[in-house]
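A short write-up of the structure that comes next.
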There are 2 protein chains.
Amino acid sequence: MVTNKAIQEQRMKGYFIQATKDILKGEGLKGVSVRNVAQQAGYSYSTIYNYFKDVNDLVFVCISDFQQECASFVADQAQSSAPGIDRLKKLVVGYVNFFVEYPGLFELFYLAKVGDFGHKEATINVINSSLDAICEKEWNYCIARGMVKAADVERLKAQLRYMVIGLLLLYLNRRFPASYSEFMNQLTIQINAILGSETPSGQTVANTGQGGPLVQNSLISVNIK
Amino acid sequence: MVTNKAIQEQRMKGYFIQATKDILKGEGLKGVSVRNVAQQAGYSYSTIYNYFKDVNDLVFVCISDFQQECASFVADQAQSSAPGIDRLKKLVVGYVNFFVEYPGLFELFYLAKVGDFGHKEATINVINSSLDAICEKEWNYCIARGMVKAADVERLKAQLRYMVIGLLLLYLNRRFPASYSEFMNQLTIQINAILGSETPSGQTVANTGQGGPLVQNSLISVNIK
DNA sequence: TTAAAATATGAACAATGTTCATTATATTTG
DNA sequence: CAAATATAATGAACATTGTTCATATTTTAA
């Protein structure tokens with residue numbers, strides 16, 4: 001049974017959470033202070049501590065909500081493209097666009113310090129699997145249609161995940177590349193390197209043969225038809 | 001000409017920088033406070049402001065030194081392996097190992113907030129090209145020996161860069177993967193996906209063919225011989 | 001030696017997170 | 001309904017941050 005107390009407590013939490021979310025989307029983490037949030041919610045700063053262990057806790061519970069928002073944002077951008085690899089690419093681009101639009105949320109998802117990892121395992125998991133969750137349906141579609149081998153999917157997911165996060169980190173936090181257009185260009189190149197490009201020509205990606213005593217030669221060629 | 005004043009000023013800066021570096025390698029960024037650094041250097045906290053604009057400035061000038069240290073660390077780990085792709089892989093693994101050993105330095109390189117991007121362009125560049133700088137000689141070796149096509153090198157460098165940073169970010173900041181061994185396993189998989197594995201069998205990485213109206217089919221196959 | 005310039009210093013301020021005794025409100029009980 | 005009790009909201013207070021600035025100290029110049 002849900003007691004009145006529980007309802008009221010959730011409502012109070014909601015006020016603080018909404019205020020925190022608004023600040024995060026606008027100014028980012030640096031704008032979130034316990035006094036700032038409290039004022040926006042219409043309460044005294046110390047009242048927050050009746051509902052959240054500390055300010056870290058408050059900030060962290062926003063993540064699940066934002067993951068939902070991210071999923072909607074991405075679905076909206078990708079719905080028009082054809083199912084399969086094409087839409088998969090659009091989903092990844094959409095995921096990147098979301099964090100470019102809300103850099104504060106990238107900070108929250110990937111850069112923010114987490115106090116106690118153990119107690120926040122569920123939320124951490126939401127973060128770590130956020131891209132996978134957004135792409136899952138499309139991966140299944142691709143597997144079912146034989147567009148990708150099931151054995152490769154986990155590695156490909158991982159490749160996209162690390163690439164996207166690395167690219168976003170450098171761009172949002174280190175201004176590399178310096179311009180948005182070059183950043184998007186890099187993104188396209190990277191996505192095509194992982195999921196395949198539609199260039200109608202075959203080309204060799206890496207071709208390694210060398211003669212160390214114990215090391216076998218290896219030849220890798222990527223053919224795009 | 002180098003004035004006495006300049007020498008003395010550099011010496012003073014050096015005291016604060018050394019103290020900051022020691023703290024960064026040990027406790028990480030959270031341990032760096034202006035009072036903490038000053039005490040370790042044997043001066044009053046306000047003296048720092050006679051030599052550095054702010055605490056961000058102080059922290060940032062440590063980066064070039066650490067890049068040197070990183071390069072030595074990596075070279076030491078990779079020197080025994082055969083030149084070419086094999087050593088290239090070892091260099092990347094060494095780069096990762098460096099930041100696993102000193103998580104505070106990963107924080108400094110990639111996570112720390114930068115006040116004024118414009119004035120720190122040189123240092124930012126040291127960061128963004130740190131992996132490339134470490135691998136440059138080996139890339140040239142590979143190109144000269146025809147192990148990789150020159151046209152592909154920039155993309156491969158970028159792939160390694162984003163992958164390494166994404167992987168490190170998730171592992172050091174989000175405990176993903178949860179164990180060190182699984183993390184290293186992921187690293188190996190990713191490196192092999194980019195630079196080629198030595199598995200003596202051909203395998204298909206991604207195989208996409210689908211029938212959107214305007215989208216061409218694409219087939220990518222990676223053959224390792 | 002004395003005047004002047006340079007440099008080191010801690011007091012002071014604003015902003016931060018957090019705790020806690022007190023006040024105000026809501027609920028229960030007589 | 002009134003009083004007693006429980007619950008919740010509050011701001012004072014503390015510790016810690018970065019930063020500024022007037023003052024004290026040291027070094028340099030005359």
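Values below: all heavy atoms of this structure, side chains included; hydrogens, waters and symmetry mates excluded. In what follows, chains are A, B, ... by sequence order, proteins preceding strands, each numbered from 1.
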**Q.** Protein-nucleotide distance (Tyr15(A), atom OH; dA8(D), atom P), rounded to Å
**A.** 15 Å

Q | Aromatic centroids of Tyr102(B) and Phe106(B) separated by under 6.0 Å | A | no

Q.
Just verifying a value: how many Å separate Arg155(A) CZ and Gln190(B) CD, rounded to the nearest 0.5 Å?
A. 8.0 Å

**Q.** Criterion side chain to side chain contact (heavy atoms under 4.5 Å, CB included) against Met163(A), the qualifying member of Val96(A), Leu168(A), Ile194(A)
**A.** Ile194(A)

Using the 3.5 Å cut-off, write out each protein N or O paired with an N or O of nucleotides 6-10 of chain C and the distance between them.
unit_1  : atom_1 : unit_2   : atom_2 : d
dA8(C)  : OP1    : Tyr51(B) : OH     : 2.9
dA8(C)  : OP2    : Tyr51(B) : OH     : 2.7
dA8(C)  : N7     : Asn50(B) : ND2    : 3.4
dT9(C)  : OP2    : Ser44(B) : N      : 2.9
dT9(C)  : OP2    : Thr47(B) : OG1    : 2.8
dG10(C) : OP2    : Ser44(B) : OG     : 3.3
dG10(C) : N7     : Ser46(B) : OG     : 2.7
dG10(C) : O6     : Ser46(B) : OG     : 2.7

Please output the side-chain donor-acceptor pairs of residues 62-77 of chain A that fall under 3.5 Å, not counting sequence neighbours, one pair per line with the distance.
unit_1   : atom_1 : unit_2   : atom_2 : d
Asp65(A) : OD2    : Lys21(A) : NZ     : 3.0
Glu69(A) : OE2    : Lys25(A) : NZ     : 2.6
Ser72(A) : OG     : Gln68(A) : O      : 3.2
Gln77(A) : OE1    : Asn97(A) : ND2    : 3.1

Ignoring hydrogens and angles, write down the donor-acceptor pairs under 3.5 Å from the side chains of residues 39-58 of chain B, residues two or more places apart or on other chains.
unit_1   : atom_1 : unit_2   : atom_2 : d
Thr47(B) : OG1    : Ser44(B) : O      : 3.3
Asp54(B) : OD1    : Asn56(B) : N      : 3.1
Asp54(B) : OD1    : Asp57(B) : N      : 2.9

Q: Begin with the C-alpha distance, continue with both residues' side-chain angles, and end with the deciding distance and a verdict on side chain to side chain donor-acceptor pair (under 3.5 Å) for Tyr171(A) and Gln186(A).
A: CA-CA 11 Å; Tyr171(A) 178 63; Gln186(A) 282 284 315; over 6 Å; no

Q. Under the salt bridge (charged side-chain N to carboxylate O under 4.0 Å, His left out) test, which residues partner Glu101(A), sequence neighbours left out?
A. none

Q.
Between P on dA15(C) and CD on Gln39(A), what's the gap in Å once rounded to a whole number?
A. 12 Å

Q) Looking at residues at least two apart in the chain, or sitting in another chain, which of them share a side chain to side chain donor-acceptor pair (under 3.5 Å) with Lys113(A)? A) Asn173(B)

Strictly under 3.5 Å: I want the nitrogen or oxygen pairs between protein and nucleotides 16-18 of chain D, one per line.
unit_1  : atom_1 : unit_2   : atom_2 : d
dG18(D) : OP2    : Val34(B) : N      : 3.1
dG18(D) : N7     : Arg35(B) : NH1    : 2.9
dG18(D) : O6     : Arg35(B) : NH2    : 3.2

